[in-house]
Amino acid sequence: MTSSSRLPEPYGHDGGANLADILERVLDKGVVIAGDIRINLLDIELLTVKLRLIVASVDKAKEMGIDWWEDDPALSSRARRSELARENAELRDRLAELETGRAQEEAS
């Protein structure tokens with residue numbers, strides 16, 4: 001007597017989805033997990049933590065208007081270069097001001 005102990009496939013009878021398929025679906029659509037944690041003592045709020053987690057592909061995130069990593073120097077080499085260029089320009093301006101002030105002092 002043989003009996004099948006195989007569990008039913010969650011995504012249909014053709015073999016279902018593997019991890020890559022599930023990940024592709026999640027990244028394509030995006031998943032948002034949100035929650036708040038509040039700690040109160042005698043009706044006095046001591047701590048509030050707001051948690052927001054978004055799991056999506058880069059394309060989907062950009063489509064939703066989320067692109068903060070492009071301006072973060074720790075994550076983007078382009079942002080790092082633009083920050084260095086801005087800092088360099090500020091230092092050149094400060095140096096020019098100092099040289100102008102020194103030249104005026106010497107002329108007096």
Side-chain angles (χ1 to χ4, degrees):
M1 191 171 180
T2 61
S3 65
S4 175
S5 63
R6 186 172 175 216
L7 296 174
E9 296 292 335
Y11 289 99
H13 35 78
D14 64 343
N18 60 23
L19 182 59
D21 293 335
I22 295 169
L23 186 58
E24 182 180 345
R25 288 179 190 172
V26 167
L27 293 178
D28 184 46
K29 301 294 181 187
V31 174
V32 176
I33 300 171
D36 297 339
I37 299 171
R38 288 195 176 114
I39 299 175
N40 296 339
L41 179 64
L42 300 174
D43 292 331
I44 298 171
E45 191 172 313
L46 299 176
L47 177 68
T48 299
V49 178
K50 294 185 178 245
L51 303 171
R52 305 294 182 259
L53 174 67
I54 298 175
V55 179
S57 67
V58 171
D59 294 333
K60 187 65 174 180
K62 285 183 177 182
E63 189 179 306
M64 293 185 299
I66 302 169
D67 61 356
W68 52 264
W69 62 87
E70 291 182 349
D71 298 325
D72 188 340
L75 300 173
S76 169
S77 60
R78 184 180 63 196
R80 194 170 18 257
R81 283 191 302 270
S82 65
E83 182 180 344
L84 288 173
R86 182 190 52 77
E87 186 177 313
N88 192 0
E90 288 176 6
L91 289 173
R92 287 178 187 271
D93 291 343
R94 288 178 57 194
L95 182 61
E97 289 174 14
L98 289 172
E99 287 176 347
T100 301
R102 184 174 178 192
Q104 289 176 351
E105 286 178 5
E106 289 177 357
S108 314

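All values derive from a computational prediction rather than experimental measurement. Residue numbers count from 1 along this sequence.
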- Message: List the residues meeting side-chain contact (heavy atoms from CB on, under 4.5 Å) with Leu95, not counting sequence neighbours, and say none if there are none.
- Response: Glu99
- Give the cluster check for Leu47 versus Leu51: same hydrophobic cluster or not, with ILVMFWY residues linked at side-chain heavy-atom distances below 4.5 Å. yes
- Listed partners of Glu97 passing salt bridge (charged side-chain N to carboxylate O under 4.0 Å, His left out), at least two apart: none
- Under the side-chain contact (heavy atoms from CB on, under 4.5 Å) test, residues paired with Leu98 that sit two or more places apart: none
- Query: Hey, is the main chain of Asp43 close enough, under 3.5 Å, to the side chain of Asn40 for a donor-acceptor pair?
  - Reply: no
- Non-neighbouring partners of Arg102 that pass salt bridge (charged side-chain N to carboxylate O under 4.0 Å, His left out), sequence neighbours left out: Glu106
- Task: Check side chain to side chain donor-acceptor pair (under 3.5 Å) between Arg92 and all other residues, then give those that pass, not counting sequence neighbours.
- Result: Asn88
- Sorted by chain and residue number, the salt bridge (charged side-chain N to carboxylate O under 4.0 Å, His left out) partners of Lys60 (sequence neighbours excluded) come out as Glu63
- Query: Under 4.5 Å between any side-chain heavy atoms of Leu53 and Val55, yes or no?
  - Reply: yes
- What pairs with Arg38 under salt bridge (charged side-chain N to carboxylate O under 4.0 Å, His left out), at least two apart in sequence or on another chain? none
- With sequence neighbours excluded, what pairs up with Glu83 under the side chain to side chain donor-acceptor pair (under 3.5 Å) test? none
- Glu45: partners by side chain to side chain donor-acceptor pair (under 3.5 Å), with sequence neighbours left out: Thr48
- Task: For Asp36, check side chain to side chain donor-acceptor pair (under 3.5 Å) against everything at least two apart and list the hits.
- Result: Arg52
- Set of residues satisfying side-chain contact (heavy atoms from CB on, under 4.5 Å) with respect to Ile44, sequence neighbours excluded: Leu46
- Quick one: do Arg94 and Glu90 make a salt bridge, cutoff under 4.0 Å? no
- Message: According to side-chain contact (heavy atoms from CB on, under 4.5 Å), who are the partners of Ile54, at least two apart in sequence or on a separate chain?
- Response: Val32, Ala56, Met64, Ile66
